[in-house]
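Below you'll find the structure, written out as structure tokens, and then a few comments.
Protein chains get the first letters and strands the later ones, always in sequence-line order, with residue 1 at the start of each. All values reported here derive from a predicted model rather than from experimental measurement.
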2 protein chains.
Amino acid sequence: MPKISITSYDVAQAAGVSQSAVSRAYSPTASIADKKRKHILKIANQMGYRPNAIARSMSSARSDGRQRSGIVGVIVTRIQDPFFANTIALFSSLLQAKGWHMLLFTIDSPEDVDDALHSLMQFKIDGVVILSAILSEHMARTCQANGTPVMLYNRNASAAGISSVQIDNYAGGQTAAEVLLNAGHSRIAFVGGIETDKTTQERERGFADRLAEAGCPVVQREFGDYTFDSGREAAGRLFSGRDRPDAVFCASDVMALGVLHAAMQDMGLRVPEDFSLVGFDDIPSAAWPGHQLTSIRQPIRRMIREAVDILIARMENPELAPALVTYPGVVIMRGTVRMLSAD
Amino acid sequence: MPKISITSYDVAQAAGVSQSAVSRAYSPTASIADKKRKHILKIANQMGYRPNAIARSMSSARSDGRQRSGIVGVIVTRIQDPFFANTIALFSSLLQAKGWHMLLFTIDSPEDVDDALHSLMQFKIDGVVILSAILSEHMARTCQANGTPVMLYNRNASAAGISSVQIDNYAGGQTAAEVLLNAGHSRIAFVGGIETDKTTQERERGFADRLAEAGCPVVQREFGDYTFDSGREAAGRLFSGRDRPDAVFCASDVMALGVLHAAMQDMGLRVPEDFSLVGFDDIPSAAWPGHQLTSIRQPIRRMIREAVDILIARMENPELAPALVTYPGVVIMRGTVRMLSAD
DNA sequence: AGCATAATTGCATGCGCATGCAAAACCGGA
DNA sequence: TCCGGTTTTGCATGCGCATGCAATTATGCT
């Protein structure tokens, strides 16, 4: 087995300096003669030397009592959901643009967050993002004690010391209700994702509350699992009966598209002539010409940017208080809600 | 600043054993009395101790001359593309199921692979997956010298010592041609992604070769950037002229859907009555009732599983030769290609 | 019980790096 | 030229862990 990795000692020897000099050459703040630094870096590059990020984070532990790896852990469920996949993509880009890296951890069920976090902590990550799930009180305290900032994306901060960035699901539900009420609908149905899921619950609550206010309660509730197929199946249940709803609000665009495709293709219904449809998220395909899905948009770019900024700020300065941010969703009116002519 | 991280020494003290015992308690192969191991683990859990994966990978360097971090680096371009996002999701799940973790690195342009790899190497990753891009000869040699196995996904292994898993793009293009020829088309167009991209090139080459064989050359070539909108724009160019093509092969489903939506909604064309359409990839939305897009399916689950298996095998046994695997695509016939009645 | 062998344990050490500290080199002014 | 002050440098050390090795204890057999 040949000598594998080049260390700072090797470079030091080759450059005729001490190992510390090499180390300092790579530390922008360190005191070292500019000429010498250049020389060292030149030699180092020739040799293909790469400072060992792992060892670095180990040894820096001594000085400030903390290890920094430059890595942010991201925990995510439902990674196959395009909405989430996209969210991860954005997180990764933004984190990286700011010089951080992303260690991805996928879990099957929201209950696995604590375990995942445990595993992740082994890597001495500097911060954590949790997508659409929450951690236990106990784990939150552990993170706080560890000085590891936590960012809940898409969820309320459940414990002290935790930041969060999310859409206002309740208000979004209300908005959807308003859109359908304004369009003059009266037999309005709701299609949710997983019934025990906070997101679905809040969206339904806002929706139902607003409808109730208007004296026009939800006539039918269906639930799926956020997938296209589950939306499609929900459509079957919605439109098979006698008294069909004349409007549907889906807690996610993917399900709304499932409803749309099923209604139009499988059941021969027209939208918005036969019923109006409102989705949530405003994913890219909602805007496709053949869909024109009216939806409540999440400004995900901005949200993720903010989440990243907050997290980075706290990683760099652990004293900082956690931030709680809620964004409003905005209606994007498209073709799946009927227009009332002035009457 | 309070004492932050609990170390093996702390646990050892609390458990009344030596630090080595604690270390061994966490090493499945180490020689330690079962009873003592249980005891240590119990105490350790009570204290919330987590072995430090970073330090571990540091110290294990001594014994076998290599550091293992348990982390696989994944380099990806076009992460916003749903097809890629989904691929990453699968890689992450599968790697994790086998006890590995994924450090994600996004790059804007395929030329940045070498740089990305350099950065990634700082983290002493045990292996690399590169999606739809290739590395330089020089970098390939560096990786080999380092004993870091590289897996090119969606690309030919460009250098020695590199594994690859990919779809047979050339054959896929041929198949698409056959499908359209069998349907009796004669004015056949091609829509590619980025023109300099290997994937697009190979798919077009197979497609064009097969058509040429049949004496029916491609009548129009358009290129986009793999996005829906670029497909939509390509449709504008395809169908604005006098002699419209009567069939189109798109090098990706996303673009094919762009063509489909544009043609049906923006231009009032019917599919397959006015033209047939074949895509590539068979993404989930190709199967949606309103699309029914005929496509060349990539068995991505199997491909990614194989890629992961090969990579892991090589990480665990560096002596192993690299593997080169090509999967055939299979046609999924749906509604966007016209059926000829027996004649 | 008495001995040989096997299983277990603790000590000491090193991984690659960053940094406190003191020695050395440098600088400018008198 | 000499001195006080400022940079720059190298030495030595420790981070948390895994492991070789030797010391110790447990086990099996006669």
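Within the 4.5 Å cutoff, side-chain heavy atoms of M139(A) are placed close to those of M121(A).
Distance OH (Y9(B)) to P (dC11(C)): 10 Å, rounded to an integer number of Å. dT7(D) atom C1' lies 15 Å from atom NZ of K35(A), rounded to whole Å. The nearest whole Å value for the distance from the CD atom in Q19(B) to the C1' atom in dA18(D) is 8 Å. One interatomic measurement links the two molecules: CE of M121(B) to P of dG16(C), which rounds to 16 Å at whole-angstrom precision. Remark: C1' of dG16(C) and CD of Q13(A) are 15 Å apart, rounded to the nearest angstrom. Following rounding to the nearest Å, R24(A) (CZ) and dC11(D) (P) show an atom-to-atom distance of 11 Å. We find that CG of N52(B) is positioned 13 Å from C1' of dC15(C), with the value rounded to whole Å. Atom pair R56(A):CZ and dC15(D):C1' shows a separation of 15 Å (rounding to whole Å applied).
Between Y153(B) and F91(B), the ring planes are perpendicular. Angles over 60° get that label, and only those under 30° would be called parallel.
Within a 6.0 Å sphere centred on CZ of R305(B), other residues, nucleotides and ligands contribute 12 heavy atoms or fewer. Within 6.0 Å of NE2 on H138(A) lie no more than 12 heavy atoms contributed by other residues, nucleotides or ligands. Atom CG of D108(B) has 12 or fewer heavy atoms from other residues, nucleotides or ligands within 6.0 Å.
For the pair A21(B) and A21(A), both in contact range of DNA chain D, the more 5′-proximal nearest nucleotide belongs to A21(A).
Side-chain to base pairing of R50(B) with dG16(D): no donor and acceptor N or O lie closer than 3.5 Å to each other. S18(B) contributes no side-chain N or O that forms a donor-acceptor pair with the base of dC11(C) under 3.5 Å.
Close placement of the Y26(B) and Y49(B) rings is indicated, their centers lying within 6.0 Å of each other.
Contact between the side-chain N/O atoms of K36(B) and the OP1/OP2 oxygens of dT9(C) is found at a separation under 4.0 Å. Within the structure, every side-chain polar atom (N or O) of S8(B) is placed at least 4.0 Å from both OP1 and OP2 of dG16(D).
Taken residue by residue, residues 26-34 of chain B places heavy atoms nearer than 4.0 Å to DNA chain C at S31(B), I32(B), A33(B).
The overall bend of the helix from dA1(C)-dT30(D) to dA30(C)-dT1(D), read as the angle between its terminal helix axes built from five base pairs each, is 30° when rounded to 10 degrees.
Counted by atom type alone, R50(B) and S119(A) present zero donor-acceptor pairs between their side chains at under 3.5 Å.
In this structure, the side chain of S163(A) engages the main chain of A323(A) through a donor-acceptor pair within 3.5 Å. Side-chain N or O atoms of S23(A) include none that pairs as donor or acceptor with a backbone N or O of Q19(A) at under 3.5 Å. D126(A) places a side-chain N or O within 3.5 Å of a backbone atom of G70(A) that can act as its donor or acceptor partner. In terms of modelled atom types and a separation under 3.5 Å, the side chain of T77(B) and the main chain of P110(B) share no donor-acceptor contact.
Nearest to the side chain of A55(A), among dA18(D), dG16(C), dT9(D), sits dG16(C).
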Using a cut-off of under 3.5 Å, enumerate the N/O to N/O pairs linking the protein to nucleotides 23-25 of chain D.
none

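Of the residues K98(B), R314(B), R302(B), the one that meets the salt bridge (charged side-chain N to carboxylate O under 4.0 Å, His left out) test with D309(B) is K98(B).
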